[in-house]
Amino acid sequence: VQLQASGGGLVQTGGSLRLSCAASGFSLGYYAIGWFRQAPGKEREGVSCISSRGGTAYYADSVKGRFTISRDNAKKMVYLQMNSLKPEDTAVYYCASPRERLWIPSPWSNTHEYDYWGQGTLVTVSS
C-alpha cells in the first residue's frame, strides 16, 4: 500500500492550491481517505475525509466552505482543493487510509484509526 501526496507549494493569502493523493498497491475504491495536516510545533489534525465511493465528505470547521475533497477511483486519485488560503493553513499535508474496507473511522479525524500514510506535502501560505 502506497499513498503519495503532492501539489503543495508557496501561495499568497487568498490563493488556491490543489493537493493530490496517488494510491497504489491496493483497491482505492474500497477505502475512505483522509487528509491531515501538521503545522510546526502542533499536533497532526484532521482536515477532511471522503468515503470510499465519494458519497460522504467531512471537513474540519476551520476549512469548511474553503476546502473541497474529491476522488477519482478509476484514476486512483484523491484531491483536496484548497481555496481562500490563510496563513494558518500553513502545514505539511498528508493523505491517509484506514486498513478496513468500506469503513470511515469514528471520529473521522482520529489519526490513530488510519493505518497507511503518505509522505506529506508542504503548503506555505504567506501573509
Taking the side chain as every heavy atom from C-beta outward, state whether F67 and L85 have any pair of such atoms under 4.5 Å apart.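 Yes, close enough: below the 4.5 Å cut-off.
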Ring centres under 6.0 angstrom apart (F36, W117):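 When the ring centroids of F36 and W117 are compared, they turn out to be within the sub-6.0 Å range.
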Other residues, nucleotides, ligands: >12 heavy atoms within 6.0 Å of Q81 CD: yes
Could you report the tightest heavy-atom contact between [X] and [Y], atom names first, then the distance?
X   : Y    : answer
A32 : P98  : O-CD, 3.2 Å
G34 : Y114 : N-CE2, 3.8 Å
L10 : S126 : CD1-CB, 4.3 Å

Atom pair [atom1]/[atom2] of [X] and [Y] - distance to nearest 0.5 Å:
X    : Y    : atom1 : atom2 : result
S109 : R44  : OG    : CZ    : 13.5 Å
S52  : W103 : OG    : CH2   : 13.0 Å
C21  : Y94  : SG    : OH    : 13.0 Å
Y30  : N73  : OH    : CG    : 10.5 Å
Y31  : R71  : OH    : CZ    : 11.5 Å

Determine whether [X] and [Y] fall in the same hydrophobic cluster, where Ile, Leu, Val, Met, Phe, Trp and Tyr are linked whenever their side-chain heavy atoms lie under 4.5 Å apart.
X    : Y    : answer
L122 : M82  : no
L19  : V47  : yes
I104 : V1   : no
V11  : Y93  : yes
F26  : Y116 : yes

Quick one: does any side-chain atom of [X] pair with a main-chain N or O of [Y] as donor and acceptor, under 3.5 Å?
X   : Y   : value
Q38 : A91 : no
R66 : S84 : yes
S97 : I33 : no

So which of [options] actually passes side-chain contact (heavy atoms from CB on, under 4.5 Å) with [X]?
X    : options          : result
R37  : V63, L80, T121   : V63
S20  : M77, K75, Q4     : M77
E113 : N110, D115, T111 : N110

Sequence neighbours excluded, every pair satisfying salt bridge (charged side-chain N to carboxylate O under 4.0 Å, His left out) that has a member inside residues 4-20: none
Between K86 and D89, is the closest basic N to carboxylate O distance under 4.0 Å?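 The answer is no: the pair does not qualify as a salt bridge.
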What's the verdict on side-chain contact (heavy atoms from CB on, under 4.5 Å) for Y58 and T56, showing C-alpha distance, side-chain angles and the deciding distance? CA-CA 7 Å; Y58 303 87; T56 303; 3.5 Å; yes
Might you work through the side-chain contact (heavy atoms from CB on, under 4.5 Å) test for V78 and C95, ending with a clear yes or no? CA-CA 9 Å; V78 179; C95 55; over 6 Å; no
What's the verdict on side-chain contact (heavy atoms from CB on, under 4.5 Å) for T68 and Y79, showing C-alpha distance, side-chain angles and the deciding distance? CA-CA 8 Å; T68 303; Y79 306 101; over 6 Å; no
